[in-house]
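Chain letters run A, B, ... following the sequence lines, proteins first and then strands; every chain starts at 1.
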Amino acid sequence: MAAVDNLQFEEFGDAPTCLAANPEDTTISIEDPGETPKHLPGPARGSGREEDDELLGNDDSDKTELLAGQKKSSPFWTFEYYQTFFDVDTYQVFDRIKGSLLPIPGKNFVRLYIRSNPDLYGPFWICATLVFAIAISGNLSNFLIHLGEKTYHYVPEFRKVSIAATVIYAYAWLVPLALWGFLMWRNSKVMNIVSYSFLEIVCVYGYSLFIYIPTAILWIIPQKAVRWILVLIALGISGSVLAMTFWPAVREDNRRVSMATIVTIVMLHMLLSVGCLAYFFDAPEMDHLLTSTATSNQTVGAAKFS
Amino acid sequence: MAEAAESPGDRETVSPRPLFAGLSDISISQDIPIEGEITIPMRSRSREFDSSTLNESVRNTIMRDLKAVGKKFMYVLYPRKSNTLLRDWDLWGPLILCVTLALMLQRGSMDGEKDGGPQFAEVFVIVWFGAVTITLNSKLLGGNISFFQSLCVLGYCILPLTLAMLICRLVLLAEPGPVNFMVRLFVVIVMFAWSIAASTAFLADSQPPNRKALAVYPVFLFYFVISWMILTFTPQ
């Protein structure tokens, strides 16, 4: 160092100029890191690989599956652990809902949309919306059916909300639990290629219930034929999503066991929808018939008395 | 600088010495005084402030809290971009609004057998557990709002719906009919839109931008359920 006043700051200048002045000095140089590593080329989108891509998911499924193993590392009593189940963006939720509405044969819902990022946002809020949709639509439909009658006093039937909530949340959580336990048990006996985690099953069931929200609103229409057609359409769509999801998981098993599993899944789904229709929505024509005969009996009885 | 800390007698030497060489020669001797006093000049004033709120009359305390609550009501009714609701959160306002709404929605015990409207406890539970669920949801999605701030905003934004309940009760004193129903429907829809606008004005900024819709939808559902309870209220 030059002999300067020791309390003043010194300008040292560039590394080359310092080195030129004093060759035995040491200097540090930091280069821009963006230029040296070469850009990795994106995965080739050859036409021959498209089928594989579609069956296995998009091209970055490899990366996401590699990263998925590193995601859930917080212990279960911290808040961050539960935040990993809500790590979805708006467009992802919309994509998953769209996937549950349009079952395409050959495409697995879990592989295509969930891809090791199961979320609890969709199942929870779809079930909540469904609970209120069923309760409110049932109330409205009963009101419209009994509109002209003199003896009918409108009640909001608020108790039915809690019943609907219990039924729907029990279905959305206990049936996946039972199915997961059953699949784990079969996995120990027969080597299956595809196995789902509990959260993925909950996710599939949650998103498959989405079709029932517009169905419940359309059930307000007081025509029996319309209601049953809606039941069949909704059951067809969501049942096929569930069947196509779980068929690869039981395919390698005994023929009878796999068929029985798929049939049970669809039957439980149908039981849910028919049960909701029967309990929350009064039958349209029968009540009219009953009350009209009741009033005619009353008038006949009154005429007999007088 | 290290050279200046050494013994001052070396100042006349011009030759540079290695740094920190003479540090071992330094000793803290008794002739450097290191005792003294530390005083915080504000301390006495803050103590005075504490005792002043303790000694003030109850009326002053209540009026101060009521004024804060009233100011927040004004912020909800005329939503502007302001941080007051978030900064000085309190839960008095939501409690007053929730109790008022639940009392007005209760219909009396004579139709206990029939499947009637919501009871006081049901309304209370729906409002508070709904608000807690929405807050947890927004925090899990990565929002940076605190728990009680979010409860405060959601509770205060029930104010338009409470006003709608008041108006509906007054309208129901007139004769029933479709006109009656249309008036109530219109009032409830307007107040529902007002609640949603007010709460999203306060809450939307705290969410990450690609998840705003995910955080706002439960708020929509919450106020929709409360509006439904208000609209279907029928006196016996």
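Most heavy-atom pairs under 4.5 Å with chain B, from the set A:Gln92, A:Glu80, A:Gln83: that is A:Gln83. Ranked by heavy-atom pairs under 4.5 Å with chain A, the first of B:Leu140, B:Leu141, B:Asn210, B:Thr232 is B:Leu140. For the set B:Trp228, B:Tyr217, B:Phe224, the count of heavy-atom pairs under 4.5 angstrom toward chain A peaks at B:Trp228.
Of the two parts of A:Tyr121, only the side chain, counted from C-beta on, holds a non-hydrogen atom closer than 4.5 Å to a non-hydrogen atom of chain B. When heavy atoms are compared at a cutoff of 4.5 Å, B:Leu221 approaches chain A solely by way of its side chain, counted from C-beta outward. The contact between B:Lys212 and chain A is made entirely by backbone atoms, counting heavy-atom distances below 4.5 Å. Of the atoms belonging to A:Phe124, it is side-chain heavy atoms, and not backbone ones, that fall under 4.5 Å from chain B. Contacts of B:Leu231 with chain A are absent, with no heavy-atom separation under 4.5 Å from either backbone or side chain. Neither the backbone nor the side chain of B:Phe233 comes within contact range of chain A; no heavy atom of the residue lies under 4.5 Å from a heavy atom of that chain.
For B:Phe124 and B:Phe120, the ring centers are positioned less than 6.0 Å apart. For an aromatic pair to be called close, the ring centres must be under 6.0 Å apart, and B:Phe192 with B:Phe220 satisfies this.
Contact annotation: the side chain of A:Ile220 never approaches that of A:Phe143 to less than 4.5 Å [non-hydrogen atoms, C-beta and beyond]. Residues B:Phe148 and B:Leu151 are in side-chain contact: their nearest non-hydrogen atoms beyond the backbone lie under 4.5 Å apart. Between B:Leu97 and B:Leu101, every side-chain heavy-atom pair lies at or beyond the 4.5 Å cut-off.
Comment: B:Asp88 does not engage B:Lys72 in a salt bridge, judged by the lack of any side-chain N to carboxylate O separation of less than 4.0 angstrom.
In this model, a donor atom of one side chain and an acceptor atom of the other lie less than 3.5 Å apart for A:Ser141 and A:Arg227.
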